[in-house]
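What you see is a predicted model, and the numbers here were worked out from it, not measured in a lab. The chains referred to below are lettered A, B, ... by the order of the sequence lines, with proteins before strands, and numbering in each begins at 1.
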Amino acid sequence: MPELPEVEAVVRTLHPLVQGQRIRCVHVLHPIAVKPQPLSRLADLARNRRIQRADRKGKYVLLRLDRGLVTLHFKLDGRLVWFSNARELRERANAQENGVHVDVAFELEKGVLGFSDRRHFGRVYAWDRFEDSSGLASLGIDALSRDFKAARFREMLAGSKRPLKDFLMDQTRVAGLGNIYSGESLWHARLDPRRRAKSLEPEEARRLHKAIVSVLARALECCLHPAPDFRDSQWWFQGLEKILRVYGREGEPCRRCDGTIQRIEQGGRSTYFCRRCQK
DNA sequence: CCTGCTACCTGATGGC
DNA sequence: TGCCATCAGGTAGCAG
């Protein structure tokens, strides 16, 4: 489950399900999901703790406990699943029939929250304090937060010679954009992804800031309708295609000019853009 | 400090 | 059909 809007939608759905609940038991069904932390670390920290709230920073989901916190990162394919009770978890988790892949499960007073990632890139970690997680502690300004302001963004751009696409993907500067929405934002701002960040004129920087904010807002709306449903194993975000202007459209016509969408590689990832109108 | 590259995994898809 | 190559919405860790 990829970028910031998807994670935000998940957290908004998750929060009312778990707030105030005590974690009765933690099951690590696929130990790779907690590596490299010691196997017992998660259960030791989380068992019998109460979840004060579920929230989000960048693409991380946080379960803030009455002591310590749990972080979940979905990487490319991770997701949440929900079971009514421990019995349903036992019967269905990683079962042949009617089975659901589950890596880690938190048995709550009411319901069971599961973390699932067949690809095993995703991770679930336990921390005493927020700052102990280097990934979390190094995150930059959250792209959906009020602190993400045009003036500040312009200063950050001015301090980097990296290509715009790489700059936007860097979570230590602006947290939340990934491969899809960084490319979409650059298309909306009519900027060439290969341009050096510091080469932007003030007006271009403002345009990019505005594009990021509006792309994320539209994507979040889309992710909330319909809202995530952790009970439905088929559930996934619907209708994202209709808001995407360039992603995955190599060889197809640009939606703004007579150009054709190209695919290039940047930092080992695919970038889609229109050479004709993105300058 | 900054940057670029690779590894980490599994599954879907398309060409032959 | 089978086999192989390529691709996938992310980040940590490492070398230079």
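A/S84 and A/R231 share a side-chain donor-acceptor pair at under 3.5 Å. Checked by atom type, the side-chain pair A/S182/A/K165 shows no donor-acceptor distance below 3.5 Å. No side-chain N or O of A/H15 forms a donor-acceptor pair with one of A/D55 less than 3.5 Å apart. The closest side-chain donor-acceptor pair between A/N48 and A/R22 falls under 3.5 angstrom.
Shown here, B/dC9 forms no base pair; nothing in the strands shown gives a Watson-Crick or G-U wobble contact with both key distances under 3.5 Å.
Using a 4.0 Å heavy-atom cutoff across all strands shown, A/Y272 reaches sugar-phosphate atoms only and no base atom. Contact annotation for A/I32: backbone-only contact, meaning every heavy-atom pair under 4.0 Å involves sugar-phosphate atoms and none involves a base. Among the heavy atoms of the strands lying under 4.0 Å from A/R263 are primed sugar atoms or P, OP1, OP2 only; no base atom is included.
When DNA chain B is scanned in the 5' to 3' direction for atoms under 4.0 Å from non-hydrogen atoms of chain A, the outermost contacting nucleotides are B/dT3 to B/dG11.
Placement of A/V213 and A/L168 within a single hydrophobic cluster is found when ILVMFWY residues are connected by side-chain heavy-atom separations under 4.5 Å, directly or transitively.
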| Candidate pair A/L220 and A/R12, rule side chain to side chain contact (heavy atoms under 4.5 Å, CB included), full reasoning | CA-CA 11 Å; A/L220 177 57; A/R12 288 193 193 185; 3.5 Å; yes

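The environment of CZ in A/R53 is crowded: more than 12 heavy-atom neighbours from other residues, nucleotides or ligands sit within 6.0 Å.
Taking atom P on both nucleotides, B/dT6 is separated from C/dT6 by 15 Å, rounded to a whole Å.
Protein atom CD of A/E250 is 12 Å distant from nucleotide atom C1' of C/dC7, rounded to whole Å. Distance CG (A/D117) to C1' (C/dA8): 12 Å, rounded to an integer number of Å.
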Considering only nitrogen or oxygen atoms on both sides, find all protein atoms under 3.5 Å from nucleotides 10-14 of chain C and state each distance.
{"from": "C/dG10", "atom 1": "OP1", "to": "A/K59", "atom 2": "NZ", "distance (Å)": "2.7"}
{"from": "C/dG10", "atom 1": "OP2", "to": "A/N179", "atom 2": "N", "distance (Å)": "3.0"}
{"from": "C/dG10", "atom 1": "OP2", "to": "A/R269", "atom 2": "NH2", "distance (Å)": "3.3"}
{"from": "C/dT11", "atom 1": "OP1", "to": "A/H73", "atom 2": "NE2", "distance (Å)": "2.9"}
{"from": "C/dT11", "atom 1": "OP2", "to": "A/K59", "atom 2": "NZ", "distance (Å)": "3.0"}
{"from": "C/dA12", "atom 1": "OP1", "to": "A/Y60", "atom 2": "OH", "distance (Å)": "2.7"}

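Taking for each of A/G268 and A/S160 the nucleotide of DNA chain B with the nearest heavy atom, the 5'-most of the two is the partner of A/S160.
A/Y60 has its side chain within reach of A/L139: a pair of non-hydrogen atoms, C-beta onward, lies under 4.5 Å apart.
A/R194 and A/D166 are not joined by a salt bridge, as no carboxylate oxygen comes within less than 4.0 angstrom of a charged side-chain nitrogen.
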